[in-house]
Every structure is written in structure tokens, then in C-alpha cells.
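Convention: sequence-line order gives letters A, B, ...; per-chain numbering from 1. Heavy-atom basis, side chains included; hydrogens, waters and symmetry copies ignored.
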Amino acid sequence: MLNYDVKTVEKKWQDKWEESGVFHAKQDFSLPKYYCLVEFPYPSGQGLHVGHPRSNTALDIVARKKRLQGYNVLYPMGWDAFGLPTENYAIKNHIHPEKVTKENIARFKQQLKSLGFSFDWSREVNTTDPDYYKWTQWIFLQLFNKGLAYKKEMSVNWCTSCKCVRANEEVVSGVCERCGSEVVHKVKSQWMLKITQYAQRLIDDLDELDYIERVKIQQKNWIGCSKGAEVDFTSTAGEIITVYTTRPDTLFGATYMVVSPEHPYIEKWADRLTNIDEIREYQQAASRKSDFERTEVNKDKTGVEIKGVSAINPVNGMKIPIFISDYVLVSYGTGAIMAVPGHDTRDWEFAKKFNLPIIEVVSGGDIEKEAFTDCDTGVMVNSGFLSGLSVEEAKVEILKWLIEKGKGHEKVNYKLRDWVFSRQRYWGEPIPIVICDKCGFVPLPETELPLVLPQVESYEPTDNGESPLAQITQWVNTTCPHCGAPAKRETDIMPQWAGSSWYFLRYCDPHNENALASKEALEYWTPVDWYNGGMEHTTLHLLYSRFWHKFLYDIGVVPTGEPYLKRTSHGMILGANGEKMSKSRGNVINPDDIVKDYGADTMRLYEMFIGDFEKAAPWNSSSIKGCRRFLDRVWALQDMVGEGSGYSPKLENEFHRTIKKVTEDIDNLKSNTAIAAMMSLLNKIYEVGTVTLGELNTLTILLNPFAPHMTEELWEVMGFGGTVTDQSWPEYDDGKCREDTIEIVAQINGKVRSRLNVSADIETGEAIALAKADEKIASALKGKRIIKELYVKGKLVNIVVKPQ
RNA sequence: GCGGGUAUGGCGGAAUUGGCAGACGCGCCAGAUUUAGGAUCUGGUGGUAACUCCGUGCAGGUUCAAGUCCUGUUACCCGCACCA
């Protein structure tokens with residue numbers, strides 16, 4: 001047996017794969033296709049993380065198996081290369097981000113290649129390539145033309161450290177998702193994308209998709225659909241104040257009203273208000289608070305009564321006071337609520353604090369102690385024509401009444417906000433818009449795309465909130481494409497999520513100069529059959545790209561309404577101490593070291609064997625050895641080849657069972673048990689002591705998706721002819737997965753007392769008779785009364801007894 | 001607070017519809033081989049002195065039979081967080 005030199009052998013096959021282009025997806029659209037996708041990485045300066053191979057290997061196994069099963073597989077890779085870390089690194093070291101990106105990509109690529117992934121490198125994409133972002137800009141123009149991209153003066157999340165706007169999805173508990181610094185509110189004119197217009201479809205269409213449940217739930221919660229009603233109150237000043245409520249049934253219990261501090265009526269009423277100074281003070285205090293502070297004061301409600309104007313409840317004409325309080329958000333609903341302290345916890349707290357009346361309108365709780373919010377059990381009381389009804393009935397009746405009187409209507413609201421799409425930085429796609437004094441926002445003609453990012457002296461963001469691009473006057477100053485007058489370019493850039501919102505489409509036809517991809521290519525390859533990626537992208541990349549895809553579908557660019565048929569998510573790989581891997585914790589594992597010490601095959605195998613793919617798992621350096629040992633034992637089989645060509649009688653069933661198990665487990669993302677099954681099979685072969693050529697042939701193909709280098713080398717050494725990639729995936733025969741005789745368990749009162757070898761198709765009566773004839777069972781039955789006898793096919797006999 | 005998830009040996013983890021708990025791997029123990037170490041091979045390995053005993057976070061329940069189903073409860077993890 002030749003010594004297995006990991007380094008040379010792995011390099012040898014990686015080079016061969018690259019030369020032969022064996023993993024390039026074929027342009028033959030008549031073949032059955034399979035599109036496997038993993039999230040393309042951000043090429044950071046840190047290099048590959050052990051988390052990347054977990055996702056990449058899992059789908060590499062799927063891709064390699066699908067190819068062996070005869071599919072035309074597309075398994076591409078590329079670079080999501082715009083972004084802040086590169087830009088910050090460039091600022092610090094005075095290197096152009098383009099250069100940094102290039103270097104980082106080179107390193108990432110070399111690392112990915114060293115792991116033997118079967119990516120189609122001929123389709124590599126890079127979001128920072130003008131040939132690529134030309135189409136990102138093109139999509140933006142389509143959004144603009146359809147009115148889905150608009151510029152608006154509004155309060156946005158401003159990261160004090162990045163000096164840049166952040167989307168709602170990028171703010172995590174009041175701080176910047178990227179750098180952890182404080183996020184404050186700032187009023188700025190921003191480009192926005194109308195993702196809210198797609199809110200309902202983004203929820204509804206999830207039902208048809210094969211996404212893991214927690215992804216669906218998280219997206220639904222984020223979009224946050226709620227069904228209720230808008231109700232018109234009248235103010236004593238004459239205006240109509242519309243409130244949004246999910247409980248119109250409790251309208252009779254509304255004892256006051258609360259509007260958000262930013263509500264426009266306050267200014268309107270300013271002259272009439274006797275305590276305007278107090279109100280102004282409260283407004284100012286609220287505006288100074290960051291999101292973080294607002295959530296911190298969550299517990300204690302504050303507010304000020306508006307003296308001089310009150311509201312009139314439309315259902316009973318009752319005059320009720322109006323308050324301003326920051327627990328009512330200007331951005332949700334109408335910015336005003338009717339307060340029903342008897343049946344809403346927040347209103348109850350507020351009413352207690354300000355000593356406001358609490359009226360019970362749904363019986364069943366004790367509203368002296370707490371708000372009664374249950375909708376299922378209560379009965380309406382003190383509610384005029386609603387009294388006596390259930391909550392559900394009351395909701396129907398009050399809506400009828402509101403519509404009849406013209407005082408309100410049904411209304412659906414979403415928590416989802418429009419997507420803040422501008423960033424005041426350098427390293428991103430320029431927004432292809434010209435601002436003309438006469439014509440307003442004018443889209444750049446498509447023929448002028450790509451609008452290339454200009455060279456600048458300094459990438460440093462400015463404190464006044466302007467993009468570094470604003471300083472390049474020769475770029476900024478242009479002429480209006482519409483009227484020809486002098487005009488200025490938009491200087492904000494797109495967020496990092498722009499390029500990744502459609503990259504999977506470009507892979508279908510990456511070099512197309514006339515379209516983001518050809519109709520035929522999109523028709524054939526999309527939708528993506530299986531997409532794996534991190535949970536952290538559920539409300540960011542995944543939601544954004546579904547939105548863009550739906551838009552592209554609506555304008556006839558793509559053939560399907562959803563981009564991904566199936567979405568799975570890998571668990572994090574933790575440090576050996578069970579904590580998240582991080583430089584500061586000193587528990588980072590570098591994939592390069594593992595490849596160097598054990599080889600890519602072992603690395604791949606270990607990451608698949610580590611545990612349930614969807615769960616987090618701690619790294620265990622000594623466990624890796626077991627995977628290497630397994631591969632060495634398979635390699636050593638070449639010296640154990642004995643007589644015969646097919647499966648030996650002793651191992652035939654075992655082989656059929658293992659093929660079945662591995663085949664099914666790969667499709668179910670259960671590589672851990674697939675590997676365990678192959679280890680078991682190998683142990684059985686070692687028990688037998690010899691292996692036939694046929695057995696070795698099958699095992700080599702079966703193991704190939706997991707350990708592609710070693711299996712190719714073994715295939716060559718054995719002289720099987722060709723390469724494993726030319727072979728077909730092994731078949732199994734269901735009938736041969738079963739043994740003729742099986743061992744069943746004989747129980748008394750559910751406790752195992754004996755074991756029997758019986759024919760697999762034994763009948764109930766016969767099985768029970770055999771069990772009773774068993775020595776141990778017979779003696780245990782002595783002096784007992786038999787109550788019940790059961791036989792579970794292929795599993796066990798259970799005899800239930802009682803003392804005589 | 002709301003939504004989702006997890007809990008099984010010394011460790012990572014297995015266990016279609018309820019049907020032999022602990023597959024597979026690590027670690028550990030013993031033996032073989034080796035000058036030694038390492039590597040490799042063989043056997044053993046939930047607890048218990050032992051059992052026909054006990055054992056899947058905890059307390060109950062359903063069942064011939066429960067890691068799996070039901071009720072309650074604890075701890076931890078993730079997401080959202082004044083969304084009316």
C-alpha cells in the first residue's frame with residue numbers, strides 16, 4: 001500500500017478539477033437541473049472562518065451527489081465585497097479599498113480551493129465589479145421608475161461611529177449591528193425602498209416554500225401583520241383624530257386618548273393649549289432620547305395631558321382627555337391611540353399613574369388588579385348595544401356600526417418599515433440619480449450605466465453626514481439628462497445588501513452584457529433549489545432579496561415569484577469552551593491549520609460529523625482524529641481485497657442499508673448520521689476481514705461527496721478506470737435492506753426478558769407462541785395470570801401478566 | 001413581556017408513526033505489536049458489589065409500553081421588544 005500523503009494528493013486533485021472544469025455547470029438546458037446555493041462571503045481581512053466550511057461542505061455534498069445522480073448542477077461562488085470593514089481598513093492604512101478587496105478575495109479563494117469545494121469558478125461574481133454593479137444600479141432605476149424608490153426627509157437611525165445611516169434591520173437593541181456603537185435619530189433626506197408594499201405577499205408566499213420553520217416565523221414576526229380598525233374621534237377643536245386599534249370591541253372602555261409627541265396636531269392646536277410650555281418640554285425630551293434610552297425606560301410610563309383640547313368618543317359621545325406620551329410611536333398606525341385601560345396592559349399602567357378612570361367592558365378579569373386582555377373567554381359589559389356579546393361577535397358588530405356611521409373601517413398594519421437605502425460612505429454602488437433644480441430627481445439613462453465609483457483622495461466619512469463622494473466636485477457636477485442644465489449627482493451610495501439581493505440571478509449567466517441574465521438561463525436555472533445560510537440574515541439579506549425578486553417578477557425580468565425553494569440554516573461552530581469564537585476570547589480555530597494538520601477531507605468530514613447541522617456545536621480538537629482515522633481505515637482497504645466481485649453474502653444487506661441511509665440522509669441534511677452509517681459499515685468490513693472489489697467500488701463512490709480527494713486517489717490506485725466524478729450514484733434495493741431472520745425482543749410487562757431469532761415475516765400468533773416457549777419467558781410466566789399478549793411486527797412481543 | 005428552541009453517559013451526539021435508550025465518534029481501561037514513545041490492531045466502557053434494580057432537567061398523568069404524547073415546572077440559548 002502506498003503511503004497516503006495528504007498534501008500532495010489533495011493538491012493533485014484540486015489541480016485536476018480546475019484543469020478539467022469538471023464542476024462547471026453545463027449550458028445544456030435539456031438536462032435536469034439542480035441549483036445549490038450558499039451565501040457568498042464578505043471577503044474580510046480575517047480570512048475564512050470555520051463557519052464557512054460548515055455551510056459550504058454541506059451543500060458541496062449535495063451538489064456532488066446530485067451530479068453523480070445525473071443532474072446538471074449549478075454550485076457557484078462569489079464575493080459580496082462592498083462594505084464598511086474594507087473601507088475602514090483602507091482609511092486606516094491608506095490603501096484603496098479596491099486593492100484591499102482584491103487581496104482579500106485572493107486569500108479567500110485560495111482557502112476555499114484548499115477545501116476541495118466543487119464550485120463552478122467560471123461563474124464567479126464580485127459585487128464591486130462595475131460589470132456586476134451596472135445591473136445593481138439598473139435594478140435601482142427600475143425601482144425608481146415604478147415609484148418604489150423615493151427620497152424622503154425623515155428621522156433615521158444614525159450610527160455615531162460609522163457616521164452613516166443604518167436600516168431598521170441593522171439596529172440591534174438600540175446599537176449598530178456592525179460596530180456596536182450608539183445609534184441616534186437624525187432627520188435626513190434619504191433614499192427609501194417601498195418594501196412595505198410587498199409586506200403581505202412576503203408573508204403569504206412563505207406558505208408555499210420549504211423553509212425551515214424558524215425562518216418563516218422570524219420573517220412573519222418581523223413583518224408583523226396585525227388586523228384591526230381605524231376609528232375616527234372628533235376633537236373639541238374640530239379635527240378628526242383617527243386612531244388605530246386591534247380591539248375596536250372595547251371602544252366603550254376608552255377613557256382617554258394618547259398621541260405620540262411628534263403628532264402634527266400638537267402644532268395645529270398650539271394656540272389653544274394652556275400648558276404648551278410643558279408640552280414642548282416633553283416633546284424635546286422625547287426627541288433627545290435614543291432608541292436605547294427609550295427601551296430602557298420601558299417600565300415607567302411618562303406623559304403630559306394636553307390642556308385645552310379633548311376628544312369625543314364616537315360611540316357614546318363621551319368627552320375624554322388627550323395625552324402625549326412616547327409609548328405611542330409616530331411611525332406605527334396613525335400615531336394616536338384610544339386608551340382602554342381596563343383591557344390593555346400599557347394603558348392600565350398609564351391610567352394608574354395618572355389616576356384616570358378604568359372601565360370594565362369585558363367581564364372575566366379583575367381590572368382593579370390588572371388589565372384583562374383575554375379575547376376568548378370574556379363577555380361584553382357596559383357597552384351599549386355590544387353588551388352580552390362575546391369579544392369576537394362584538395368585533396364584527398362594532399365594525400358594522402363604524403362603517404354604517406362613517407366613523408371607521410377595517411385596517412391592517414405592519415411593523416415592517418420601508419428600507420432606508422442610502423449610506424453616506426464611499427465603498428458601495430453609486431446611486432444613479434442626478435438632482436436637477438428644474439427636473440428634480442432624474443434617473444441616469446440606462447446607456448450610461450455603470451456609473452463608476454470615482455477615485456477619491458480620502459474615504460473618510462464626514463461629520464456633517466455627507467458621503468466622501470460629495471467632495472469630488474468634478475464627479476458631482478454634471479448635467480441633467482433631462483433638460484441639459486447643470487445639475488449634481490446623488491452622492492450617497494447603496495447599502496451592502498444591494499449587491500447580495502440579486503447575485504444568485506447573475507450566476508445563471510454571469511458574463512451577459514445586455515441583461516442581468518438571459519431569459520433562457522433564468523428560465524432554466526431559477527428558482528434556486530436549495531439555499532443554505534446563516535440565521536442572522538433572516539430579516540436582512542433573505543427578506544431583502546425576496547422583495548427584489550418579487551419586484552423583478554412583477555416587471556417580467558424573472559420567471560418566478562420566489563427566489564429560493566428551500567432554505568436551511570447551519571448552526572454556529574463554537575470555540576472549544578462552548579463560547580462564540582472570537583479573537584478576544586482566544587478560541588478561534590483557523591481552517592488553514594486543520595487542513596495543514598489533517599487535510600481537507602478530514603476537515604470536511606469532521607465539520608459534518610460534529611453534530612446536528614442546524615444546532616450550534618463546540619469545536620473539539622481531539623474528535624477530529626476519529627475522522628482522520630476513519631479515512632485511513634478506508635484507504636487501508638486496498639490491502640484487504642479478497643475474492644469475488646459483487647457484494648459478499650455477509651455484507652450484502654449491510655451495503656444496501658448503508659446506501660439507502662446515506663442517500664436519504666444527504667437529502668435531509670443529516671450528514672452526521674450518514675457518516676456514522678459508513679463508519680459502521682467499515683467496522684463490519686473489518687470484522688469480515690476482506691473486501692470485494694465491488695464493495696470497495698461502492699463505498700468509494702458513497703464516500704466521495706464527503707471526502708472527494710482521498711476517494712479519487714483510492715479509485716485511481718485501485719485501477720477502477722476514469723474518475724469517481726464520472727460514475728453513477730450507487731443504487732439500493734429496498735428488499736435487500738431487510739434480513740430474512742431478525743432478532744425480536746420478548747418482554748413481560750414491558751421489560752425485556754429475552755431475545756428471539758425469528759423469520760422476518762412471522763405472524764402474530766406464531767411470534768407469541770415462540771416467545772412463550774422461550775425458557776426465560778416460560779419460567780417468568782410461572783404462577784402468573786396472562787392479561788394481554790402483543791406482537792409489534794419486527795420489533796417485540798410483550799406479555800402482560802398479573803400475579804395469580 | 002411576546003414568539004421560537006434546547007435539556008440524553010466523562011465529552012460531541014444517535015434513536016420514522018410511542019416499541020431493545022445511549023448508534024457513531026472522542027476520551028478512558030485492558031491486551032497485542034513496539035527498545036521506548038507515537039501509530040496501529042483486538043476487546044471492554046450509563047450507574048450499581050450485584051440484580052429480574054435504577055437511569056433521557058424536575059413533578060405528575062395517559063399507555064401493555066414514554067427521551068418521544070398530555071398537564072404543570074425549572075434552567076439555558078436565539079429572535080422581537082411600549083407595534084395599540
Q: I would like to know whether Y256(A) and F350(A) meet ring pair (Phe, Tyr, Trp, His ring centres under 6.0 Å); could you show each step before the answer?
A: CA-CA 10 Å; Y256(A) 61 99; F350(A) 192 88; 5.5 Å; yes
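Side-chain atoms of I337(A) lie closest to A84(B) of the nucleotides C54(B), C20(B), A84(B). Candidate nucleotides G25(B), A23(B), C54(B) were compared by shortest atom distance to the side chain of A676(A), and A23(B) ranks first. Listed candidates were C82(B), C20(B), C26(B). Nearest to the side chain of D326(A) is C82(B). Closest approach to the V172(A) side chain among A84(B), C54(B), C80(B) is made by C80(B) (side chain taken as heavy atoms from C-beta onward). For K301(A), the listed nucleotide lying nearest its side chain is C82(B); candidates were C80(B), U52(B), C82(B). Residue Q218(A) places its side chain closer to G79(B) than to any other of C20(B), C82(B), G79(B).
Side-chain to base pairing of R214(A) with C78(B): no donor and acceptor N or O lie closer than 3.5 Å to each other.
Summarising the geometry, the separation between CG on L796(A) and C1' on C20(B) is reported as 8 Å, rounded to the nearest angstrom. As a whole-Å value, the separation of E536(A) CD from C80(B) C1' is 17 Å. Whole-Å rounding puts the I217(A) CD1 to G5(B) C1' distance at 10 Å. Rounded to whole Å, atom P of A66(B) lies 13 Å from atom CG of L790(A). The nearest whole Å value for the distance from the OH atom in Y414(A) to the C1' atom in A84(B) is 17 Å. For the pair K788(A) NZ and A65(B) P, the computed distance is 9 Å after rounding to whole Å.
Annotation: cation-pi pair R604(A)/F706(A) absent, no NZ/CZ under 6.0 Å from the ring centroid and within 45° of its normal.
At A84(B), none of the side-chain N or O atoms of Y327(A) fall inside 4.0 Å of OP1 or OP2 (strictly under the cut-off). The side chain of N683(A) places an N or O atom within less than 4.0 Å of a non-bridging phosphate oxygen (OP1 or OP2) of G25(B). Applying the 4.0 Å criterion to OP1 and OP2 of G27(B), one finds that K625(A) has a side-chain N or O inside that range.
Taking atom C1' on both nucleotides, A59(B) is separated from C64(B) by 24 Å, rounded to a whole Å. Taking the C1' atoms as reference points, U74(B) lies 24 Å from A21(B), given to the whole Å.
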Protein-nucleic acid N or O pairs under 3.5 Å, nucleotides 41-47 of chain B:
from	atom 1	to	atom 2	distance (Å)
C41(B)	OP1	R633(A)	NH1	3.1

Would you tabulate the pairs of protein nitrogen or oxygen atoms and nucleotide nitrogen or oxygen atoms of nucleotides 30-33 of chain B closer than 3.5 angstrom?
none

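Other residues, nucleotides and ligands place no more than 12 heavy atoms under 6.0 Å from the CE atom of M572(A).
In this structure, the separation between CD on E360(A) and CD1 on I367(A) is 5.0 Å, given to the nearest 0.5 Å.
Residues H343(A) and T250(A) bring no donor and acceptor atom of their side chains to less than 3.5 Å of each other. At a cut-off of 3.5 Å, with distance as the only test, no side-chain donor of T658(A) or Y732(A) sits close to an acceptor on the other residue.
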Q.
Using a 4.0 Å heavy-atom cut-off to protein, can you give one letter per nucleotide of nucleotides 12-17 of chain B, 5' to 3': B if the base is in contact, S if only the sugar-phosphate is, - if neither?
A. BSS--B
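Here Y606(A) and W619(A) bring their ring centres to under 6.0 angstrom of each other.
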